[in-house]
Amino acid sequence: DTAVSQTPKYLVTQMGNDKSIKCEQNLGHDTMYWYKQDSKKFLKIMFSYNNKELIINETVPNRFSPKSPDKAHLNLHINSLELGDSAVYFCASSRESGYTFGSGTRLTVV
Amino acid sequence: DAKTTQPPSMDCAEGRAANLPCNHSTISGNEYVYWYRQIHSQGPQYIIHGLKNNETNEMASLIITEDRKSSTLILPHATLRDTAVYYCIASKTGATNKLIFGTGTLLAVQP
């Protein structure tokens, strides 16, 4: 069983569209995260949720809206996609220490 | 969180030990040293972490200097599958803390 699973793995879409990426973890962790890795390979945190509550929002444009229906899921919805949103998005979860990352969603906006 | 400094790249021969250094001279007393790696096209993978004492697990050993200003990750017998970017991160634990990734060290294991 995959510990942190993201869907879809690849997403190609046109500018202006709205899309969602889903993340689920089966580790029983309390905290979940979204990270963005751009073309220069920098990994940057976007959001963090702890027990369904938003605790970190790293000045991400409000076109990005995370939603946590329960502590095992953290989805990312992106409105009005722009070319600069093209990146690999990683979901992760943790309890106290040691993050477990998903395998990433490669988003390409054309 | 304290800033860390790592060499941009290193080579290692297959089967030999890979020693990856990290400087964290401004680390605070309650910050741990974490090591992650990212193999091409995969998500980052947790390797090991420590506070003061040296640590060892099935993947690697972590040696932290007594003053905690630097550390070394040791992969005892590097294989080609260990080729990856290795990140050293100083961070506190807890839900409100976040891992801040730097540029890491690209370790290339050569056959």
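Lettering follows sequence order; numbering is per chain, from 1.
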Checklist entry - Got a sec: does the NZ of A:K71 have more than 12 other heavy atoms crowding it under 6.0 Å? => result yes
Item to check | In one Ile/Leu/Val/Met/Phe/Trp/Tyr side-chain cluster, 4.5 Å: B:V85, A:Y89 | outcome: no
Next on the checklist: What part of B:Y32 gets within 4.5 angstrom of chain A, counting heavy atoms only: side chain, backbone, both, or neither?
Outcome noted: neither
Checklist entry - Nearest heavy-atom pair of A:Q37 and B:Y87: which atoms, and what distance? => result NE2-OH, 4.1 Å
Checklist outcome for this item: So NZ of B:K98 and CD1 of A:I55: to nearest 0.5 Å the spacing works out to 10.5 Å
Next on the checklist: Under 4.5 Å from any heavy atom of chain B, what part of A:E58 do you find: side chain, backbone, both or neither?
Outcome noted: side chain
Next on the checklist: I'd like to know whether CZ of A:R63 has more than 12 heavy-atom contacts from other residues, nucleotides or ligands below 6.0 angstrom.
Outcome noted: yes
Next on the checklist: I need the residue from A:G102, A:G104, A:C91, A:G98 with the largest number of non-hydrogen atom pairs under 4.5 Å to chain B.
Outcome noted: A:G98
Next on the checklist: Using a 4.5 angstrom heavy-atom cutoff, name the option from A:F90, A:Y99, A:Y49 with the most pairs to chain B.
Outcome noted: A:Y99
Checklist entry - Can the ring centres of B:F101 and A:Y35 be said to be less than 6.0 Å apart? => result yes
Item to check | Contacting moiety of A:L43, where chain B heavy atoms sit under 4.5 Å | outcome: both
Next on the checklist: Given 3.5 Å as the limit, does a donor-acceptor pair link the side chain of A:Y33 with the main chain of B:L99, or not?
Outcome noted: no
